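Down below is the structure, laid out as structure tokens.
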Amino acid sequence: PVKMERLLGEFSIDPRVKQDLVRIIAQYLQDEGYTTASMVLQDEAAVRLASDQRDQATIKKLRAAISEGNWDEAVALAKTVFKSTGADEGEQPAGVRRRFLYSLHRQQYLEHIERREYQQAFNHLTKRLKPLEAFGLPDDMRDLAYLITCKSVHDAPAFATWDITSGRQKILDQLSSLRAAQAPIDPAMPTVPPRRLMQLVTQAVSFQVQANRYRPDAPKIDTLLHDYRSFALPNHPRAVLRGHTQNIKCLAALSPPGRLLSGSSDLTVRVWDLARSTELARLAGHQARVWDVCAGSSGIVYSASADTTVKIWDLARAAGQELVATLTGAAHDVYSVQCHPGNTHLLSSGYDKVIRLYDTTTETCVRQFPGHTLLVPRAIFNSYGNLILSGSKDGTLKMWDITSGACVRTLSCAAEMAFIDLSPDDSTVLVSARGNAHSLIDLRAMKVLRTRLRGHQHTSKSFVRARFGPNGLVASGSEDGGVFIWDSKCDLVQTLKGHEGAVFDVLWTDDLLASCADDGTVRTWDYQDTASRASSFTDDAGAGPASVN
């Protein structure tokens, strides 16, 4: 695909291609019934479709109106089809348009007479037919006027064989003959093939599907605003990121996409380039292990540590000078840090049972949320930023109002919570706790669901984390060194092996799944077909491929 993009980038676009594009779009609008929009587009772009294509939908409506006797609609459509423009432009001359209008008014007049609607017939004769008399047959107007005195159309010899059905059919035949006799299309402007836009879109999407590493049997196309990208369960170790000297506790995504943060017991935060599997920056300054990291806007990074502080880093600064500020106030380890969706505030929680809200501008604590009776390993914002959710070792999930500071809901879950994560739609909380089973909480009903996610191991380590992923998936670390993935039905669908020691955190980022563990490494996982697996694994230390169960 990259080679193809470079090749296409070398082409210059002929102006005729742009004209073709406008004509194709106009055809699509016409096919979908957006006749007016199609004509406006053609007028503004100074191009036009072949007449039989441009007027296809209008003519179809015109024929239906004639067949059903909807004469007002038929007249309006006829004026659209037979425009009064020069014949040298391939359009119908004015005389042809008026002659056809005369036929329409004539048929309507005869039907008024047949239904003995004499007043309407008289008005129609004088206001509609009389101005177009020159475009009728000789003596036709005299015969039509005579019908005003008759009880039936058939009383006039000229209309002895006339009936409504045959009269309408003659107009339809006249319409067909007029369209067939239209001036031929300029050969320099070839006809747009039927449904050309959809053909091109289908070809483009097919190319994108074929270019994907994973090609499902029945790909679902739900948007054209972005290139097609298929999702597939990670099944292959892509790379091992080495640099930390002790276990790694946490991961976070960093904008722009393709960068990853990791925090470790070696007192540092590392920044990684996922595409190159290399270290970009090392943030040193904490005096104890780093429990959590998160990213703000414009390269700002926040880290929570066992040294009781939250530090703010700016990656735009020179190496060694990234530290911007240190936030204090906690009495013990700070286990969690999260940035507000609007980047206005920062949330922390930890061993001292208190949740703290910091203003990122003034770098001061503006509110505290006491209430838990044991340590709080995780506190997070909802997607709107107006509520805070906190999970504690005391077995409760609390919901707090960020403005008032009040605890608005409390749910007892019995388990000692190690981590919580919120689904993208704010409806479900994923709870990681000791006991070899993750649980789900319906946030709207504040009810613990019966379904459990099982298969991993979590009995002794305090902070083994699980997170929501794309397509309703859930991924989790495990004390046995595995990465476990469940689907939206809570069925275990994938197990990835490769780490040595407990896996503490997992994170979905772009097309990759990242994990960190007690072995001091970050591993990334992706999907690879069987043929390409052997050559795509990167391990700077030269270790062999990890196993996938």
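No experiment lies behind these values; they were computed from the predicted model shown. For reference, positions follow the sequence shown, starting with 1.
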- May I ask you to check whether Lys311 and Ser303 show a side-chain donor-acceptor distance below 3.5 Å? no
- Item | Test item: Val337 and Val293 side chains (from C-beta on) under 4.5 Å apart, heavy atoms | no
- Between His372 and Leu374, is there a donor-acceptor pair closer than 3.5 Å when you use the side chain of the first and the backbone of the second? no
- Message: Please report the interatomic distance CD(Glu32) to CG(Leu197), rounded to the nearest 0.5 Å.
- Response: 9.5 Å
- Query: Taking 4.0 angstrom as the limit, do Glu322 and Arg317 come out as a salt bridge?
  - Reply: no
- Message: Could you tell me if Ser476 and His438 have a donor-acceptor pair between their side chains, going purely by distance under 3.5 Å?
- Response: yes
- Item | Separation of Leu397 CG from Ser390 OG (nearest 0.5 Å) | 6.5 Å
- Message: Under 3.5 Å, is there a donor on one side chain and an acceptor on the other for Gln457 and Asn436?
- Response: no
- Inspect the surroundings of OH in Tyr351 and state if more than 12 heavy atoms from other residues, nucleotides or ligands are less than 6.0 Å away. no
- Query: Taking Asp266 for the side chain and Thr245 for the main chain, is one N or O donor matched with an acceptor at less than 3.5 Å?
  - Reply: yes
- Task: Using distance alone, with no hydrogens and no angle criterion, decide if Thr459 and Glu479 have a side-chain donor and acceptor under 3.5 Å apart.
- Result: yes
- Go through Val503 and Val464 one step at a time and tell me if the side chain to side chain contact (heavy atoms under 4.5 Å, CB included) criterion holds. CA-CA 7 Å; Val503 177; Val464 171; over 6 Å; no
- Could you walk me through whether Arg238 and Trp525 pass side chain to side chain contact (heavy atoms under 4.5 Å, CB included), step by step? CA-CA 5 Å; Arg238 184 177 185 274; Trp525 313 82; 6.0 Å; no
- Message: I want to check something: taking the side chain as every heavy atom from C-beta on, are Leu422 and Leu389 in contact at a cut-off of under 4.5 Å?
- Response: yes
- Task: Determine whether the side chains of Thr364 and Asp359 contain a donor N or O and an acceptor N or O closer than 3.5 Å.
- Result: no
- Message: I'd like to know if the side chain of Trp486 reaches the main chain of Arg454, judged simply by a donor and an acceptor atom lying under 3.5 Å from each other, with no hydrogens or angles considered.
- Response: yes
- Query: Is there a side-chain contact between Arg467 and Val474 (heavy atoms, below 4.5 Å)?
  - Reply: no
- Query: Taking Arg378 as the fixed residue, which of Asp421, Asp505, Asp292 is the one that meets the salt bridge (charged side-chain N to carboxylate O under 4.0 Å, His left out) rule?
  - Reply: Asp292
- Item | Atom pair SG/CG of Cys516 and Asn247 - distance to nearest 0.5 Å | 9.0 Å
- Query: Distance only, no hydrogens: is a donor on one side chain within 3.5 Å (strictly under) of an acceptor on the other, for Ser478 and His458?
  - Reply: no
- Is the CZ atom of Arg195 crowded by more than 12 outside heavy atoms at less than 6.0 Å? no
- Message: Just verifying a value: how many Å separate Asp426 CG and Phe381 CZ, rounded to the nearest 0.5 Å?
- Response: 13.0 Å
- Item | Backbone N/O of Arg289 and side chain of Ser305: donor-acceptor pair under 3.5 Å | yes
- Message: Could you go through Arg259 and Leu315, starting from their C-alpha distance and side-chain angles, then the distance that decides it, and tell me whether this counts as side chain to side chain contact (heavy atoms under 4.5 Å, CB included)?
- Response: CA-CA 12 Å; Arg259 296 192 295 173; Leu315 297 180; 4.2 Å; yes
- Query: If you look at every heavy atom in Thr451 and Cys490, which pair is closest and at what distance?
  - Reply: CG2-SG, 3.0 Å
- Item | Candidate list Thr309, Ile355, Val310, Leu327, test side chain to side chain contact (heavy atoms under 4.5 Å, CB included), partner Ser348, passing option | Val310
- Message: Under a 3.5 Å distance rule, please check whether Ser262 uses its side chain to pair with a backbone N or O of Leu251 as donor and acceptor.
- Response: no
- Taking the side chain from Arg523 and the backbone from Ala514, do they hold a donor-acceptor pair closer than 3.5 Å? no
- Minimum-distance pair of heavy atoms, taken over all atoms of Ala26 and Ser38: O-OG, 2.9 Å
- Over 12 non-hydrogen atoms of neighbours within 6.0 angstrom of CD in Glu500: no
- Message: Please tell me whether Thr308 and His332 have a donor and an acceptor in their side chains that are separated by less than 3.5 angstrom.
- Response: no
- Query: Say you draw a straight line from NZ of Lys353 to CG of Leu375; how long is it, rounded to the nearest 0.5 Å?
  - Reply: 9.0 Å
- Task: May I ask you to check whether Trp291 and His286 place their ring centers less than 6.0 Å from one another?
- Result: no
- Query: Quick check: does any side chain N or O of Ser264 sit under 3.5 Å from a backbone N or O of Thr268, one acting as donor and the other as acceptor?
  - Reply: no
- Query: Do any N or O atoms from the side chain of Asp442 and from the backbone of Arg444 form a donor-acceptor pair under 3.5 angstrom?
  - Reply: yes
- Item | Side chain proximity check, Leu260 to Leu507, heavy atoms < 4.5 angstrom | yes
- Looking only at atom types and distance, does a side-chain atom of Asn382 sit under 3.5 Å from a main-chain N or O of Leu387, one as donor and one as acceptor? yes
- Give the intermediate values and the outcome of side chain to side chain contact (heavy atoms under 4.5 Å, CB included) for residues Met399 and Met446. CA-CA 10 Å; Met399 184 184 299; Met446 285 299 278; 4.1 Å; yes
- Close side-chain approach of Leu323 and Leu283, heavy atoms under 4.5 Å: no
- Below 4.5 Å, heavy atoms only, C-beta onward: do Leu241 and Thr521 meet side chain to side chain? no
- With a 3.5 Å cut-off and no angle check, do the side chains of Asp526 and His236 form a donor-acceptor pair? no
- Query: Less than 6.0 Å separating the ring centroids of Phe463 and Phe419?
  - Reply: no
- Between OG1 of Thr396 and CG of Leu411, what distance do you get to the nearest 0.5 Å? 8.5 Å
- Task: Identify the heavy atoms of Leu513 and Pro234 that sit nearest to each other, and give their distance.
- Result: CB-CG, 4.0 Å
- Message: Using side-chain heavy atoms (C-beta onward) and a distance below 4.5 Å, is Leu261 in contact with Trp272?
- Response: no
- Message: Quick check on Tyr34: does its OH atom have over 12 non-hydrogen neighbours (other residues, nucleotides or ligands) under 6.0 Å away?
- Response: no
- Among side-chain atoms of Lys398 and Thr410, is any donor-acceptor pair under 3.5 angstrom? yes
- Item | Heavy atoms of other groups near Gln203 CD, more than 12 under 6.0 Å | yes
- Donor-acceptor side-chain pairing of Thr278 and Asp273 below 3.5 angstrom: no
- Side chain Gln287, main chain Gly285, donor-acceptor under 3.5 Å: yes
- Query: Which of these, Arg242, Gln246, His499, sits in a side-chain hydrogen bond (donor to acceptor under 3.5 Å, both in side chains) with Asp519?
  - Reply: His499
- Message: So Asn471 and Asp487, do their side chains get closer than 4.5 Å, heavy atoms only?
- Response: no
